[in-house]
Amino acid sequence: MPSLPNLLRPLAAASALALFCAASWAEAATDPARPAAVIPVASEAPAKLVVYPPLAEPLARGVVIVQYRTENLRIIPVFGKAAVEVSPRVGHLHVTVDDRPGTWAHTSGDPIIVVGLKPGLHKMLIELADPSHKILGSETVSVIVPEPKAAESHAH
């Protein structure tokens, strides 16, 4: 039968190895050659807006749903000059329909949804803005809202 010291040797070796690994990991986290966890805004790649055509099925019912994505910028409801320096970069969208004076700020990653447009051709200007409303990029989407079908025009 093995003696108690012989049984404890593997346990002691495993414990020493675990402590060594933990100490090595802690040193790597404070390594001065390691890059910063947050990149300064000036060093980040420029923000980009990608807008997709409106979804066909809802558009057939007169509902305009425009999906989009951003690169190097998160869409959140944060405004002001101090927020311009936040990294990773944050911002919002400005949405204008048919050159109307009423532009609104879209502040979520949800699709842009517009209802109540009359049948016909419309254009939507979608602008990517920083927290101080400086425009970083834009895209214009043309939308043709169809005439409602006879059966659908009476449905509620």
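Just the heavy atoms: all of them, side chains too, but no hydrogens, waters or symmetry mates, feed the values below.
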Paired with V145, the side-chain contact (heavy atoms from CB on, under 4.5 Å) test is passed by just one of V115, L59, V114, namely L59

Taken in chain and number order and not counting sequence neighbours, the residues that satisfy side chain to side chain donor-acceptor pair (under 3.5 Å) with S138 are none

task: Taking atom CD1 of I144 as the centre, report whether more than 12 heavy atoms of other residues, nucleotides or ligands fall under 6.0 Å from it.
output: no

What one should report as the nearest heavy-atom pair of A129 and H94 is CB-NE2, 3.8 Å

On a heavy-atom basis, the closest approach of A83 and V90 is O-CG2, 3.9 Å

Interatomic distance, CG@L93 vs CH2@W104, rounded to 0.5 Å, equals 10.5 Å

Closest non-hydrogen atoms of E147 and P119, given as atom of the first, atom of the second and distance, are OE2-CB, 3.5 Å

Is it the case that the side chain of D98 and the backbone of K123 share a donor-acceptor pair, with hydrogens and angles ignored and the cut-off at 3.5 Å?
yes

Value for CZ (R74) from NE2 (H92), rounded to nearest 0.5 Å, stands at 15.0 Å

Test of understanding: clusters of I, L, V, M, F, W, Y form through side-chain heavy atoms closer than 4.5 Å, transitively. Do V141 and L125 belong to the same one?
no

Discussion item. Parallel, tilted or perpendicular, judged at 30° and 60°: which one describes the rings of F79 and H133?
Written reply: parallel

> Quick one: do V97 and I65 end up in the same hydrophobic cluster if we chain Ile, Leu, Val, Met, Phe, Trp and Tyr together by side-chain heavy atoms under 4.5 Å apart?
Replying inline: no

Separation between CZ (R61) and CG (L55), nearest 0.5 Å, reads 10.0 Å

Residues E127 and L49: closest non-hydrogen pair is C-CD2, 4.4 Å

To the nearest 0.5 Å, atom CD1 of I75 lies from atom CG of L128 at 5.5 Å

Exam field: side chain E44 to backbone R89, donor-acceptor pair closer than 3.5 Å
yes

Would you say Y68 ends up clustered with L136 if hydrophobic residues are merged whenever their side chains have heavy atoms under 4.5 Å apart, either directly or through other cluster members?
yes

Nearest heavy-atom contact between L73 and G91 is CD2-N, 3.7 Å

Contacts satisfying side-chain hydrogen bond (donor to acceptor under 3.5 Å, both in side chains) that involve residues 47-59 (not counting sequence neighbours) are Y52-R69

Checklist entry - Below 4.5 Å, heavy atoms only, C-beta onward: do T140 and M124 meet side chain to side chain? => result no

When rounded to the nearest 0.5 Å, the distance separating CD of E85 from CG of D130 is 9.5 Å

- prompt: Out of curiosity, does I112 fall in the hydrophobic cluster containing L117 (side-chain heavy atoms, cut-off under 4.5 Å, transitive links)?
  reply: yes

*Beyond-backbone contact of V63 with I113, side-chain heavy atoms, under 4.5 angstrom*: yes

By side chain to side chain donor-acceptor pair (under 3.5 Å), S108 pairs with (sequence neighbours left out) D110

